[in-house]
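Here is how names work: the chains are called A, B, and so on, in the same order as the sequence lines, proteins then strands, and each is numbered from 1.
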Amino acid sequence: MSLPQHLAAGELLTALHGTGEILTALRGATCPSSAIRLYSILRIRLRPSDPSYCVGRGAVFALKPLSAASSLPLLSHFHAHLLKSNLLAYPHVASSLLRSYSLLSPAIAHHLFDQMPPATCNMFVVNVMLRSLCSSDLTSARLFFDGIPDKDVVSWSTMLACYFSKGRLGVADGLAFFREMTFTSQVAADYVTLVTVLTGCASAGLLQPFCRSIHGYVVRRRVPASSHLGASLIDCYAKVGHLDYASRVFARVASRNVMHWTAMICGMAMHLHYDEAIQLFEKMCWRGLGPNEMIFTAVLSACGRAGLVEQGRVFFQLMVEKYGLEPSIHHYACMVDIFAKAGQLEDAYDVIKTMKVEPNLVIWTSLLAACKRFKNFDIAVEGIEKVLAMEISDENSGLYTLISDLYAMGERWGDVIKVRRLMEEHNLRKNRGLRRARDLTVPTIS
DNA sequence: ATAGGGTTAG
């Protein structure tokens, strides 16, 4: 149910009748003030005959917009209320509060957990705590994990995701952990676990047998196919270099949705099969499936790499006009790249000047590289200034060379020297950082 | 019937 946000509390009170109605409204609330208002109305409206967990449910729903507002004072105020009305005894309220705190202040979350009575501390609470530790410190997360007596599928998946996302555990070790879970501990993996493992394998770009063994698990254990799992399998096979297996999985998906098509189209483009990617995209549209933003980034980047300027222009127009999708920075980056690569520098610059979001480093770099290649200093001028005003990280330090080359092309020798100086300062900072890091490591003596 | 884990992109 959608609720007019401008209603005053009094009007709301007359507009909403049952507690069920208020709960539904509260669930959909996005701004903290309306959530608090709805929550107070819920408390007024609640009759003694209503089950007590109703307030608890309300508190859980109110906590979401509250933590999204990321205001610690607001959250601790609500916390005080929960304490006073004795609602923290409900595990679902406690776990929600813990989750909210873990996003704002891990230290408070930790403290809250330590103070919790054992009766409140169920698996939900424990797993929220684990998740919180995972996002701050891997070692203490693992210690905590080892101390959980009856680890369930969520505990294992959380730990697994932590290992993969931090890149602290190689894929081989990650899979050993997966085996420890499913084989040694006999905890069945569900589709979230499998998506986690597949994403981990895919991002590590590791060997194909890993992906196969997970695929094997899916088939053997008859894990219910979800669109996420299917798409992850396609994505993983494509990323580890087996487009043929990806296609086979894609062909066998019973009810294909946009996610499967996206994964397959991205896979095709990844393997430089641009024409096939575009054909697949057209086939999907022809079948009446509505494309999403992600597919368009894949298709547009395929156009850029294949040098299909007009095709790219048409697809961009299609995205905006026919499908009503708002172009993101990725789409603009693709368009700039399409024009820039083809040497149509004016068109590329035009995209930058008319786009509705602030151009980022990727976009400027794409234009500047083309300016150098096609020898056009005039179009580069604004970009150079913008880039120099941005934070340039070590991996982008090649930009200084690019800019210095562009200045040389424009015969702006004073600026060439200035950029060289900037580059030296940057390198100096970098080296000093490295030296300090090196001092910290203990030398091993054999 | 309320709460916890994953989500694709040059």
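Nucleotide B:dA9 holds its P atom 17 Å from the CE atom of A:M319, rounded to whole Å. Between the CH2 atom of A:W261 and the P atom of B:dT7 there is a distance of 25 Å, given to the nearest Å. The interatomic distance linking A:K239 (NZ) with B:dA9 (P) rounds to 4 Å, in whole Å. One interatomic measurement links the two molecules: CE of A:M264 to C1' of B:dT8, which rounds to 14 Å at whole-angstrom precision. Per the geometry, CD1 belonging to A:I22 stands 17 Å off P belonging to B:dT2, to the nearest Å. The distance between atom CD1 of A:I234 and atom P of B:dA9, rounded to the nearest whole Å, is 13 Å. Distance A:M159 CE to B:dG5 C1': 12 Å, rounded to the nearest Å. In this structure, the CG atom of A:D235 is 13 Å from the C1' atom of B:dG6, given to the nearest Å.
Residues meeting the salt bridge (Lys or Arg N to Asp or Glu O under 4.0 Å) test with A:K341, sequence neighbours left out: A:D337.
Using the six-membered ring where Trp is involved, A:H228 and A:Y191 have ring planes that are parallel, under 30° apart on the 30 and 60° scheme.
Here B:dG10 is the nucleotide among B:dT2, B:dG10, B:dG5 with the atom lying nearest to any side-chain atom of A:S301. Closest contact between the side chain of A:V192 and the listed nucleotides B:dG6, B:dT8, B:dA9 involves B:dG6. With B:dA3, B:dG6, B:dT7 as the candidates, the nucleotide lying closest to the side chain of A:T196 is B:dG6. Listed nucleotides: B:dA9, B:dG6, B:dG5. Nearest to the side chain of A:V154: B:dG5. Distances were taken from every side-chain heavy atom of A:D190 (C-beta onward) to each of B:dG10, B:dG5, B:dA9; the shortest belongs to B:dG5. Set against B:dT8, B:dG10, B:dG6, the side chain of A:M294 has B:dT8 as its closest nucleotide. Side chain of A:R27, nearest nucleotide from B:dG5, B:dT2, B:dG10: B:dT2. Nearest to the side chain of A:H92, among B:dG5, B:dT7, B:dA3, sits B:dA3. Distance from the side chain of A:F61 is smallest to B:dT2 among B:dT2, B:dG6, B:dG5.
Across all strands shown, A:D337 has no heavy atoms under 4.0 Å from either base or sugar-phosphate atoms. Residue contacts shown for A:S155 are absent, as no nucleic acid heavy atom lies under 4.0 Å away. Across all strands shown, A:V153 has heavy atoms under 4.0 Å from base atoms, whether or not it also approaches the sugar-phosphate. Counting any heavy atom pair closer than 4.0 Å across all strands shown, A:S95 reaches a base atom.
Annotation: cation-pi pair A:R179/A:F183 present, NZ/CZ under 6.0 Å from the ring centroid and within 45° of its normal.
Between the side chains of A:S76 and A:H79, not a single donor N or O lies within less than 3.5 Å of an accepting N or O. Side-chain contact annotation: A:D235 with A:S232, donor-acceptor N/O pair under 3.5 Å absent.
Side chain A:S157 to base B:dG5: a donor-acceptor pair is found below 3.5 Å.
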Name each donor-acceptor pair under 3.5 Å that joins a side chain in residues 271-281 of chain A to protein atoms two or more places apart or in another chain, with its distance.
residue : atom : partner : partner atom : Å
A:H271  : NE2  : A:A238  : O            : 2.7
A:Y274  : OH   : A:R305  : NH1          : 3.2

